[in-house]
Amino acid sequence: MTENPYLPRRAKIESIKQETTGERIIKTFAVVIEDQAYRERFQHKPGQCAMLGINGVGESMISIASSPTNKEFLNFSVMKLGKVTSAIHELEAGDLITIRGPYGNNFPLDEWYQKNIITIGGGIGQAPLRSIIQYVLDKKGEFGGLDIIYGARTTADLCYREDHFQTEQSVFWQRRNVRVHLSIDVPEAGWDRFVGVVPDNLLRLKPSPENAIAITCGPPVMIKFVIKNLLALGFKDEQIYTTLENRMKCGIGKCGRCNVGSFYVCKDGPVFSYARLKNLPEKG
Amino acid sequence: MEHFLLEKNRLNEFLSALRNYEVFAPVRKVGLTVFELITNPKEAMLDLKNQPQSPKRVIFPQSEILLVFDKNNAAKEPKGRVGQKPQVVFGVRPCDARGFHMLDPVFEREYPDPYYLQKRQSTLLVGFHCSEPYPNCFCTSVGGNPSSPEGLDILLTDLGEQYFLEVITSKGEQVAKEGAAVLSSPTSQQQTEKEKLSGMAPQKIRRTIDTEGIASKIEKHFDHSLWRELSGKCISCGICTYTCPTCHCFDIQDERVRGRANRLRIWDSCMFPEYTLHASGHNPRPTRTERLKNRMYHKFKQNIDLYGVPGCVGCGRCITLCPENVDLVANLKVIKNL
Amino acid sequence: MDKEKLVNEAKAVFSREDVACLIGYGKDSIGFRVSPIFIRTRDEADQLFFSPLCSLSLVNYLTLEKGVLLEGNKETGGEKIAIVARGCDSRALIQLFAERGIPREQVVILGVPCRGTIDLKKIEGKFPDARNCTEVTEAEGMYYIRFDNESHEVPKEELLADHCKHCAFPNPLVYDVLLEDLVDSKGAAYSDIEEMEKMALEERHEYWKDKFARCLRCYACRNACPLCYCDDCILERVSPQWVNRSVNLSENLMFHLARSYHLAGRCAGCGECERVCPVNLPLMLLNRKLEKDIKNIFEYTAGSNLDDKPLFASFNPKDPNDFIF
C-alpha cells in the first residue's frame, strides 16, 4: 500500500519572529523538516500550503510564506486564532512541530515570464504573497516590474515590516523596477505613507494592466473591492489572481468541508484566477 | 459468472463455513436492525426490514483512530490496521453496495486513503436482491436497480425456500468455494424464476424523479429565494448525512483519554453550522439554507463534476428518517421545475 | 379536529393581528407524514390541519438559528408570530417566555387541547405500505384510520406515543385562541420511572449502556428540543472540551447526561428528543426522571405557570440543601 497521507513528519522550529503586536498576534516560524528524504521531497511552489500540527492538539492548514528558492527553511506566518494556532504560538525555537504537504495548486509563475507583477495584500494575506515576492526578487531576470501594495489596520498589524522597509528604500531594487507601497487604515503619528484601505491605495497608484498580473490576498471584503478596482483599471479576468481559504481538516480533498462549488480549496485551490472564481456559485 | 442454489435452511451452515472471515450481518438490537460483527450465524436477521443505517460503517467507521501518539508525542499508525482478517458483509442491499462504489473514488484518487482502502479491499459484499422496496426508495431514478449486482461480490435472490446465488466477482468466487459443500446447482426453472423476479423489481419502486438536467438547474438557480423555503423545516441535525450510504465528510480531532492521545477521524455533517466555521468566526454557510443547498449541490452537481455520477443511490433513508420530513425527492422536483 | 374551525381561526388571526408567520401543521403527501408549515398570508391558511398524527412540536422553530424568526420580525417592526400549540407546547412557550424574555404578546397562540398523538414509527411499522393517509380520528379509545381506500380501527394504546401516555398537561396552559373544548387531564404519573427506579444500579447501567452505545450523535435530540437553544452549547465546545467528538459509549453517555441535566427543571415534556431519534433512544425516561425528582425536591414543574421564574434562576429560602453533596 502507498504511504499514509495523514502521517505528519517532524520539523524543527529554527527561529520565531513576532510580526504583529496588534489585536491579532502573528508569528512567523522558520522550520526545517527533520527527515532528509521527506525534506527533499517537499518541493513547494509559491501559493501552496502545508498542514502544520502538534501531535495531541491538532493540525491547521497554513500557507507557505517563503519562496522555494530558499533552500534553508520554510516560513509559516501563523495568526493566533483557534485551538491549534494558539498552541503553535506557545512553541519556542528548538521545539518540534509536525508538517505534511505541500498541498494545493500554485500561482502559474511559469506563465508569467517577463510580466509585471503586482501584489495587493492586506493583513495576514501577505503571507502567500511573500512566497511570490521572494521568488520574483530571487529570479528577477525572469520577470518585469514588481509592485508590492500592502496594508494593514495599524503599523502594529503590518507583517514583514523590516523586509518591506528595506526593499522600499533599496536603491538596488528601485533600479530593478521594484516598488513598495505600504498603507495603514487609520492615521498614526510618524506615518508618512498612504492612510486608507488597500483598495483605495490601489486606485491611487493606478498600476497599468499592460503586460501585468495582479495577485491579491487578504480579508474577503478587501479582495472583493480590490477585484472591483482592478477591473475598473482595465485588468482582464485572466490577469487577476487570488487565494481562497476555508475550514479544512484533511487537506487532501476527502473530508468535504472546504468546497467552493465543485472545487476543494485544499486540493484544487487555494489559487484561483478571477476568470475561474467568478463562475463559482459561492465565494467562500 | 457461476450460479448456485443455497437452501435457506442451510444458510447458517454456509455462514459457518466462512471461518476465515469476520462476518457482519444485520442483527436486531434495541428494536433496530444494524450491521454488526456476528459470532453466531443465528444472530443474522435477513428479513432486511428496518435498516436505518447503511453498512457504510463497516468500511468507513463513524470513529476511527488514524494515528496514536506515544509518550514522546511521536505519531504512529495504530496496530492492527495491516493484516486484518478479511470481512464479509452479509445482507447488503444493492443501493448500499452502490454506495461503496460512490465512496471508492473519494478515497482512492490522488491521495489514496489506506484506512478505507485496506478495509474495502479485504471486505466482500454479499447482497440481497430487493424484492420489497421501501416506500421512499428511488434507486431507479439515480442509476440503480433493486436487483443490480453493481458493487457486490455475490448477489442472493430469494426464491422462497432457496436463495439463488450469483457469483459476481473473483472475490465472491472464493467465498462460494469455501461454502461449496452447501451449494447446489439451480434448475433452469429456478433460473427463469430469478430472472422474472429481477425484471419485476424496478416496477415496485414508487418514487421517481427524472434527474436529467438537475445539475444545471441547481447551478443556474443557486441564488434563488426558493432554497430558503426548502430549508424552512430543517433543524440542522445530522440524520440525513449519518444514515446516507454515500456521505463521507469527516472531522479530524486529537483526543486525549486517560493520558493517551490519538488522532481520530469522526464522521461530520455538512448540516452542522460548525462544519464550515472558520477560526476567525466567519462562516461561509451560516444558515440552514446554505447548508441544505450545499448538500443537494454536492450530491447532484459536484459529484457529477468530480466522478460523473450523482452522489446518491436512492435508498430513501434521508427522507424516511428526517424528523421534519425534508423530502429530497420532492425538493429535487421543485428545483427541476424552476 | 374540525379543519374548518382551525383554518377560520387562523385566518381571523391574520385579519386581527400583525402576524408575519403562523407556524402550524400541514399534511404531507407521503403516508402518515405531517410537516411543520410556515403560513405567511391569510390565504395560505387553508393548508393547515390537525389530527392525532401531529406528534411534532413546532416551538423549536422560534429559537432555531438564534431565534431568526423572531429577530427578523423585530427588525421589520413589531410583527408577531402565531403558533399552533398543544399542552406540552404551551409549557415550552411559558418556559421560553421566562428564560428568553420573549414578550408574551409577540406570540399568538392557537391552543389545541390534545388527546395524545400517534407515534409515527408505530403507525408506519403497522402499515408500512400506506401511501396517502386521508383521515385519522379518535373516539372511545380507538383510532379510525383511512388511507389508500382502506379503513382501519386500531386501539389507541397501540399507536399512542409513549410520552403521551403519561401526559399531565393535555390542555394548553396559555393561549389566545382555543380551538376545541378542553379535555380531561390526569395528574402527573410516573409509573414508568418508578419501574426504572426499582432496577438495581447495575441493571440500570446495563439498560442504558445498550442504548447509548447505539447513539449516532446526530444532535437531532438537541436540535428538535424547544428548550435547547444555547448559542454556545456544552456538547460542541472545543476549549474546554467537555465531550469528545468520538462516538463511543463513554462519550455518548457524557453527551446524554449533559443534555438531560441541562433540561432539568426546563423540559416541557413534548417528547421531541425521543420522537426524532433515529435509533429509538428512550430519552424521555431521563427527562421524566429529572422532572419527577425536581417536583419532589422543589415542588416545581417547568412551564406550568406563566408567573414562575426559571427554577435555577430563582432562590427560595425553603429550597432543601440536602441534595448538595
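Every chain is numbered from 1, with letters handed out A, B, ... down the list of sequences. Predicted model, so just to flag it, every value in this text is computed and none were measured. Keep in mind that the numbers below use all heavy atoms, side chains included, and drop hydrogens, waters and symmetry copies.
In the displayed structure, B/Asn337 atom CG is contacted under 6.0 Å by more than 12 heavy atoms of other residues, nucleotides or ligands. In this structure, C/Arg204 places its CZ atom where more than 12 heavy-atom neighbours from other residues, nucleotides or ligands lie under 6.0 Å away. Annotation: C/Arg146, atom CZ; neighbour count of heavy atoms from other residues, nucleotides and ligands within 6.0 Å does not exceed 12.
When the candidates C/Asp28, C/Ile23, C/Asn60 are compared by the number of heavy-atom contacts under 4.5 Å with chain B, C/Asp28 comes out ahead. Between chain B and the residues C/Val279, C/Asn223, C/Val276, the most heavy-atom pairs under 4.5 angstrom are made by C/Asn223. Taking B/Thr287, B/Asp327, B/Leu321, B/Thr243 one by one and counting their heavy-atom pairs under 4.5 Å with chain C, the maximum is reached by B/Thr287. Each of B/Val326, B/Asp268, B/Ile319, B/Ile266 has some count of heavy-atom pairs under 4.5 Å with chain C, and the biggest count is that of B/Ile266. Taking B/Gln62, B/Arg206, B/Met271 one by one and counting their heavy-atom pairs under 4.5 Å with chain C, the maximum is reached by B/Arg206. The choice from C/Leu58, C/Leu281, C/Val34 that makes the most heavy-atom pairs within less than 4.5 Å of chain B is C/Val34.
There is no contact between B/Cys240 and chain C, counting heavy-atom distances below 4.5 Å. For C/Leu64, the part lying near chain B is the side chain, with the backbone staying farther off; criterion is any non-hydrogen pair under 4.5 Å. Using a 4.5 Å cut-off between heavy atoms, B/Ser236 contacts chain C through both its backbone and its side chain. For chain C, the nearby parts of B/Ile235 are the backbone and the side chain; heavy atoms of each come within less than 4.5 Å. Contacts between B/Asn262 and chain C at a heavy-atom distance below 4.5 Å are absent for every atom of the residue. B/Arg317 does not touch chain C: none of its heavy atoms, backbone or side chain, sits under 4.5 Å away. For B/Glu324, the parts lying near chain C are the backbone and the side chain together; criterion is any non-hydrogen pair under 4.5 Å.
The distance from the CZ atom of C/Arg33 to the CG atom of B/Asn136 is 6.5 Å, given to the nearest 0.5 Å. Residue C/Arg217 holds its CZ atom at 13.0 Å from CH2 of B/Trp267, rounded to the nearest 0.5 Å.
Heavy-atom neighbours of chain C within the stretch residues 248-258 of chain B, taken at a separation under 4.5 angstrom, comprise B/Asp251, B/Gln253, B/Glu255, B/Arg256, B/Val257. Proximity to chain B among residues 240-250 of chain C is limited to C/Gln241, C/Asn244, C/Arg245, C/Ser246, C/Val247, judged by heavy-atom separations below 4.5 angstrom. Close approach to chain B, defined as a heavy atom under 4.5 Å from one of its heavy atoms, is seen in C/Phe38 of residues 37-53 of chain C, taken by number.
With respect to C/Asp129 and B/Lys204, no salt bridge is recorded, no charged nitrogen being found less than 4.0 Å from a carboxylate O. Under the 4.0 Å criterion applied to side-chain N and carboxylate O atoms, C/Arg237 and B/Glu274 are not assigned as salt-bridge partners.
Residues C/Arg275 and B/Pro323 share a closest heavy-atom pair of NH1-O, 2.9 Å. B/Pro135 approaches C/Pro128 most closely through the heavy-atom pair CG-O, 3.1 Å. The two residues C/Ile30 and B/Arg207 come nearest to each other via the heavy atoms CD1-CZ, 3.7 Å. Contact record, B/Cys234 with C/Tyr61: O-CE2, 4.5 Å, taken as the closest heavy-atom pair. In terms of heavy-atom proximity, B/Leu32 sits nearest to C/Asn280 at CD2-ND2, 3.7 Å.
Every residue was checked against the ring-ring contact (aromatic ring centres under 6.0 Å, His included) condition with C/His262, not counting sequence neighbours, and none meets it.
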